[in-house]
Amino acid sequence: NNGCTRFNCAAAKSARRPGLRAREHRSALLCRRCKRRRRSCPAAAVSSSSVHGEYGKKVGRSSIFLDRQSEKDLHTFKVSSREARGSYSSKRMPIAATGVNSLFSCGQVVSARHFSSGADLPPHEAVGMPSLSPTMTEGNIARWVKKEGDKVSPGEVLCEVETDKATVEMECMEEGYLAKIVCGDGTKEIKVGEIIAITVEEEGDIEKFKDYKASSSAAAPAESKPQSEPVEPKEEKKEVSKAPEPTATKTEESSQSGDRLFSSPVARKLAEDNNVPLSSLKGTGPDGRILKADIEDYLSSAAKGSKKEAAAAPGLGYVDLPNTQIRKVTANRLLQSKQTIPHYYLTVDSRVDKLIKLRSELNPMQDASGGKKISINDLVIKAAALALRKVPACNSSWMNDFIRQYHNVNINVAVQTEHGLFVPVVRDADKKGLATIADEVKQLASRAKDNSLKPEDYEGGTFTVSNLGGPFGIKQFCAIVNPPQSAILAIGSAEKRVIPGAAEGQYEIGSFMSATLSCDHRVIDGAMGAEWLKAFKGYLEDPTTMLL
């Protein structure tokens, strides 16, 4: 604990001896941290070597003691077993009071191996679902590269995880053996930190985890929150010796038969919002407690019943396609963008005859040197990057209390795949040549279609370009701003138009391309957006200026 509580010191409590007189007994219960008396607690002065049992570990000058049998007189602290990359989940384990204050006052974190709740399981480590992107809250297991019983070494790939952005390889952090796969191939919507596998150090311990199942507290961290809320230290000490009372966090409701129904606050709120009678449900939690998952299962079954009725209607056929993680994240972000960002749109038509001519002159040189062909989109990316460097106010983000203007010009390029919409980034596009941009865009697009992009491939963009003209022939469209960016450029197709010639009565044919800039009005005013479009149009109509 952070300070001394006179008669509740855990170390002193464990040292009580029968036969002491009242005055002696009171003084024996005082901790050495007590400021009222200088007499130190006899129990607190016990040598740390006396508590180094079979499961003791020594960290610096402080000792911790792991007791499998009883937690009666021990306090519980949350100790993370592994902080590297968030790859390992954290558990609660009992720690003796001796040396705890000195240990945690220094801001240190004790690194200890996870011990099983039963004496029949050997020491092991629980591998949790890692957070592989800043916005990731849950993930899917695409496939396991390692199998149960395989030996694993640091740096080896354990499995492939589908995040909210892409499929990422999860690497092993320590040498050992994969004893149990808790979440197999194809398991979906696994919360970050939820146990997905168990590893051990000794090959002989693998067989002992054959029937291992993750505890309900690890499998459903969201439901365990109401029961694990911190309470006052004094109250916690008084309740340690008593039997656990789970009803303290339960919400009671009486059924028609007179029996009490127990439900979590989250489940009760969800039931009230959807008019679900709790008396008609059977809880799957401890002592028949109704959990959030029970309400969701009830609503899901009700929805399936309504779908079956709809399918019975004549002439109506359909198929339900499950949403991928990238589809869910894209939907949420675009909905948030459209609801919270004040969009406005500016459109300009640029004559691109010189741009097309420059491309036709550069591509033979690329073929001769073995490089990638330069596309119109590559030239657009370069022009947009130079326009952002010329008008840096458009290379900014809204941060509520201030506007953040970026020094780097990183262009996200929208790529549509069968898995969803990806926006890989070309970093420092204003400083790169056309050949480099063309090569990077094609590599990123290829990885996006293979669903193998890494977080560094799509994070850190400051501006987005979306081109539906070249691939699909769309003449003009308005794109939705990709937050936290403040603008996105929508490129339409190039079309030939008849325009007046230099002399009166003469006409000529020119190629024009439409470009629409979607702006966040909190950051980019109308005149500022128009100034950027003017600079962008100038680079397209006279592309040789991009070489200056």
TODO: In plain terms, say whether Asp349 and Arg497 are close enough for a salt bridge, that is, a side-chain N and a carboxylate O under 4.0 Å apart.
DONE: yes
Task: Which atom of Val523 lies closest to which atom of Ser397, heavy atoms considered - done: CG2-C, 4.1 Å
Task: SG-CG distance between Cys183 and Asn140, expressed to the nearest 0.5 angstrom - done: 10.5 Å
- [ ] In plain terms, say whether Lys432 and Asp439 are close enough for a salt bridge, that is, a side-chain N and a carboxylate O under 4.0 Å apart.
- [x] no
Open item on the list: Just so I know, are the side chains of Asn451 and Phe422 near enough to count as touching, which here means a heavy-atom distance under 4.5 Å?
Closed with: yes
Open item on the list: Closer than 3.5 angstrom, by distance alone: can the side chain of Asp294 be matched with the main-chain N or O of Thr284 as a donor-acceptor pair?
Closed with: yes
TODO: Kindly give the heavy-atom pair with the smallest separation between Asp430 and Leu386, and that separation in Å.
DONE: O-CD2, 3.9 Å
TODO: Indicate yes or no for a side-chain donor-acceptor contact from Thr417 to the backbone of His419 under 3.5 Å, with no hydrogens or angles considered.
DONE: yes
- [ ] Measure up the His521 and Tyr344 rings against each other and bin them: parallel (under 30°), tilted (30 to 60°), perpendicular (over 60°).
- [x] tilted
Open item on the list: Using 0.5 Å steps for rounding, measure from the OG atom of Ser493 to the NZ atom of Lys475.
Closed with: 8.5 Å
Task: Residues, nucleotides or ligands: over 12 heavy atoms within 6.0 Å of Lys338 NZ - done: yes
- [ ] Return the orientation label for the Trp532 and Phe536 ring planes: parallel under 30°, perpendicular over 60°, tilted otherwise.
- [x] parallel
- [ ] Please step through side-chain hydrogen bond (donor to acceptor under 3.5 Å, both in side chains) for the pair Asp378 and Ser375, ending with a clear verdict.
- [x] CA-CA 5 Å; Asp378 299 330; Ser375 65; 3.0 Å; yes
Task: Nearest heavy atoms of Ala384 and Phe463, plus distance in Å - done: CB-CE2, 4.3 Å
- [ ] Have a look at Lys151 and tell me which of Glu156, Glu203, Glu174, Glu175 forms a salt bridge (charged side-chain N to carboxylate O under 4.0 Å, His left out) with it.
- [x] Glu175
- [ ] Look at atom CD of Glu202 and say whether more than 12 heavy atoms of other residues, nucleotides or ligands are closer to it than 6.0 Å.
- [x] no
TODO: Before giving the answer on side chain to side chain contact (heavy atoms under 4.5 Å, CB included), spell out for Gln325 and Thr163 the whole-Å C-alpha distance, their side-chain angles and the decisive distance to 0.1 Å.
DONE: CA-CA 7 Å; Gln325 288 295 109; Thr163 70; over 6 Å; no
TODO: Please round to the nearest 0.5 Å and tell me the distance separating atom CG of Asn410 and atom CG of Asp428.
DONE: 5.5 Å
Open item on the list: As an exercise, state the distance from CG of Asn395 to NZ of Lys390, rounded to the nearest 0.5 Å.
Closed with: 15.5 Å
Open item on the list: For Ala126 versus Ile195, what's the shortest heavy-atom pair and its separation?
Closed with: CB-CD1, 3.7 Å
Task: Side chains of Glu162 and Thr324, donor plus acceptor under 3.5 Å - done: no
- [ ] With Ile488 as reference, evaluate Cys478, Ser518, Cys519 under the side chain to side chain contact (heavy atoms under 4.5 Å, CB included) test and give the passing residue.
- [x] Ser518
TODO: Verify, without hydrogens or angle tests, whether Asn332 (side chain) and Val329 (backbone) share a donor-acceptor contact under 3.5 angstrom.
DONE: no
- [ ] Could you check if a side-chain atom of Val426 sits within less than 4.5 angstrom of a side-chain atom of Leu444, using non-hydrogen atoms only?
- [x] yes
- [ ] Specify the closest pair of heavy atoms between Arg333 and Asn482, including all atoms of both residues, with the distance to one decimal.
- [x] NH2-OD1, 3.3 Å
Open item on the list: Between Lys180 and Glu148, is there a side-chain heavy-atom distance shorter than 4.5 Å?
Closed with: yes
Open item on the list: Taking the side chain as everything from C-beta on, heavy atoms only, tell me whether Pro122 gets closer than 4.5 Å to Phe209.
Closed with: yes
Open item on the list: For the OG atom of Ser396 and the CD atom of Gln485, what is their distance to the nearest 0.5 Å?
Closed with: 11.0 Å
Open item on the list: Measuring only between side-chain heavy atoms, which start at C-beta, is Leu379 closer than 4.5 Å to Pro543?
Closed with: no
- [ ] For side chain to side chain contact (heavy atoms under 4.5 Å, CB included), just list the numbers for Leu270 and Lys292, CA-CA rounded to whole Å, side-chain angles, deciding distance to a tenth of an Å, and then say yes or no.
- [x] CA-CA 7 Å; Leu270 185 60; Lys292 178 183 176 183; 4.1 Å; yes
Task: Verdict with reasoning, His343 to Ser337, per side chain to side chain contact (heavy atoms under 4.5 Å, CB included) - done: CA-CA 9 Å; His343 286 63; Ser337 173; 3.5 Å; yes
- [ ] Would you give the length of the straight line joining atom NZ of Lys454 to atom CZ of Arg447, rounded to the nearest 0.5 angstrom?
- [x] 7.5 Å
Open item on the list: Taking Lys269 first and then Asp273, would you say they form a salt bridge - that is, a charged N and a carboxylate O separated by under 4.0 Å?
Closed with: yes
Task: Backbone of Lys373 reached by a side-chain donor or acceptor of Lys442 within 3.5 Å - done: yes
- [ ] Check the surroundings of atom NZ in Lys357: do more than 12 heavy atoms from other residues, nucleotides or ligands lie under 6.0 Å from it?
- [x] no
Open item on the list: Contact between Trp144 and Ile196 at the side-chain level, heavy atoms closer than 4.5 Å - yes or no?
Closed with: yes
Open item on the list: Less than 4.0 angstrom from a charged side-chain N to a carboxylate O is my criterion; do Lys449 and Glu418 meet it?
Closed with: no
- [ ] For residues Ile376 and Arg359, determine if any side-chain heavy atom of one lies less than 4.5 Å from a side-chain heavy atom of the other.
- [x] yes
- [ ] Please lay out, stage by stage, how Lys372 and Gln443 fare under the test side chain to side chain contact (heavy atoms under 4.5 Å, CB included).
- [x] CA-CA 10 Å; Lys372 303 290 184 181; Gln443 289 184 11; 5.9 Å; no
Task: From CA spacing to verdict: salt bridge (Lys or Arg N to Asp or Glu O under 4.0 Å), Arg143, Glu160 - done: CA-CA 6 Å; Arg143 71 181 184 94; Glu160 295 178 356; 3.2 Å; yes
TODO: Flag the pair Pro130 / Met170 as yes when at least one side-chain heavy-atom distance between them is below 4.5 Å, and no otherwise.
DONE: yes
Open item on the list: Please check if the number of heavy atoms outside Ile509 that lie under 6.0 Å from its CD1 is greater than 12.
Closed with: no
Task: Asn323 versus Lys328, closest heavy-atom pair with distance - done: O-CE, 3.8 Å
TODO: Report yes or no: does Thr330 contribute a side-chain atom to a donor-acceptor pair with the main-chain N or O of Arg327 at less than 3.5 Å?
DONE: no
Open item on the list: Could you check whether atom CD of Glu456 has more than 12 heavy atoms from other residues, nucleotides or ligands sitting under 6.0 Å from it?
Closed with: yes
TODO: Spell out, as yes or no, whether a donor-acceptor pair under 3.5 Å connects the side chain of Gln366 to the backbone of Gly371.
DONE: no
